[in-house]
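First up is the structure itself, then whatever we jot down about it.
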Amino acid sequence: MVLAHRMQWLAFMFSASILLQILACAIYSNWWPLLSALMYVLVPMPCMFFGGGTTQFLTSRDGGGWIDAAKFLTGASAVGSLAIPIILRHANLIGTGAMFIEFTSFFIFVCTVLCFHRASLEDEW
């Protein structure tokens, strides 16, 4: 029961993050902010390919070629999620409001990933 309740909250948080992405585009009639949603797809890929589908390797001190590459790619994707709205704002392709909506969306997305990580550590799926 507790696991189902946690999954509902995670789904709600992820949906809210995607909704904010779409609102950042729709409110300002500019679809450039949706470019940062591409990073939402890229962030979990290193975990899936190199980490065996878990997030536990991100907090471990274990190294190795593929584990280090996965940590680097995850970090680069996370930084890219913040950098894309900043670059688009600097190039005057999006407004300041859209940039802040994108940051809020990213913050909710990161909280979702951290909650998922914690839930996967506690419940041992």
Side-chain angles (χ1 to χ4, degrees):
M1 182 68 175
V2 174
L3 180 63
H5 184 66
R6 285 183 187 168
M7 290 298 121
Q8 289 173 347
W9 272 106
L10 289 174
F12 174 74
M13 289 171 62
F14 182 74
S15 299
S17 176
I18 297 299
L19 176 67
L20 284 173
Q21 285 279 328
I22 294 170
L23 283 177
C25 300
I27 290 173
Y28 295 97
S29 298
N30 185 354
W31 293 95
W32 278 106
L34 202 57
L35 185 62
S36 64
L38 174 67
M39 298 308 284
Y40 285 8
V41 175
L42 295 178
V43 167
M45 290 298 167
C47 292
M48 289 174 27
F49 294 136
F50 305 122
T54 66
T55 57
Q56 296 174 359
F57 77 95
L58 291 173
T59 56
S60 71
R61 296 218 181 250
D62 295 337
W66 293 112
I67 298 295
D68 290 339
K71 289 178 182 179
F72 174 76
L73 291 173
T74 302
S77 300
V79 170
S81 296
L82 283 174
I84 288 174
I86 293 170
I87 292 168
L88 291 174
R89 175 63 192 117
H90 181 71
N92 288 326
L93 292 174
I94 65 171
T96 305
M99 181 181 69
F100 286 124
I101 292 173
E102 290 285 322
F103 288 158
T104 305
S105 172
F106 178 73
F107 176 73
I108 292 172
F109 181 73
V110 167
C111 288
T112 304
V113 170
L114 292 176
C115 289
F116 174 76
H117 175 68
R118 182 177 168 122
S120 67
L121 288 178
E122 288 177 358
D123 292 333
E124 291 299 323
W125 301 23

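Worth knowing before you read on, the calculation uses all heavy atoms, side chains too, and leaves out hydrogens, waters and symmetry mates.
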Q.
Enumerate the ring-ring contact (aromatic ring centres under 6.0 Å, His included) contacts for residues 82-104, please, sequence neighbours excluded, ordered by first and then second residue.
A.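 Every pair satisfying ring-ring contact (aromatic ring centres under 6.0 Å, His included) with a residue in residues 82-104: there are none.
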Is there a path of hydrophobic side-chain contacts, each under 4.5 Å between heavy atoms of I/L/V/M/F/W/Y residues, joining [Y] to [X]?
| X | Y | result |
| --- | --- | --- |
| L20 | L34 | no |
| L42 | L82 | yes |
| V41 | M13 | no |

(Q) Quick check: do F116 and T112 have side-chain heavy atoms less than 4.5 Å from each other? (A)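 No, too far: nothing below the 4.5 Å cut-off.
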Q: Side-chain contact test, heavy atoms from C-beta onward, threshold under 4.5 Å: evaluate it for M99 versus L88 and give yes or no.
A: no
Rounded to the nearest 0.5 Å, what's the gap from [atom1] on [X] to [atom2] on [Y]? Could you check?
| X | Y | atom1 | atom2 | value |
| --- | --- | --- | --- | --- |
| L35 | I84 | CG | CD1 | 4.5 Å |
| C111 | F106 | SG | CZ | 10.0 Å |
| I101 | C25 | CD1 | SG | 9.5 Å |
| L10 | L114 | CG | CG | 10.5 Å |
| L23 | I18 | CG | CD1 | 11.5 Å |

Q | Residues which pass side chain to side chain contact (heavy atoms under 4.5 Å, CB included) with L73, listed by chain and number, not counting sequence neighbours | A | P46, F50
Q | Results of side chain to side chain contact (heavy atoms under 4.5 Å, CB included) for V79 - residues two or more places apart only | A | none
Q. What are the two closest heavy atoms between E102 and P85, and how far apart are they?
A.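 Reported closest heavy-atom pair: CB-CG, 3.8 Å.
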Q: Identify the two heavy atoms, one from S77 and one from M39, that lie closest to each other, and give their separation to 0.1 Å.
A: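 Closest approach of S77 to M39: O-CE, 3.3 Å.
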Q. For F12, what residues pass the ring-ring contact (aromatic ring centres under 6.0 Å, His included) criterion, not counting sequence neighbours?
A. W9
Q: With sequence neighbours left out, write down each residue that passes ring-ring contact (aromatic ring centres under 6.0 Å, His included) with Y40, or none if nothing qualifies.
A: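 For Y40, the residues satisfying ring-ring contact (aromatic ring centres under 6.0 Å, His included) (neighbours in sequence not counted) are F109.
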Q: Please say which of V110, I108, V113 ends up in a side chain to side chain contact (heavy atoms under 4.5 Å, CB included) with S17.
A: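 The side chain to side chain contact (heavy atoms under 4.5 Å, CB included) with S17 is passed solely by I108 among V110, I108, V113.
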Atom pairs and distances, donor-acceptor, side-chain atoms in residues 26-33, under 3.5 Å, two or more places apart:
| from | atom 1 | to | atom 2 | distance (Å) |
| --- | --- | --- | --- | --- |
| N30 | OD1 | W32 | N | 3.2 |
| N30 | ND2 | L93 | O | 2.2 |

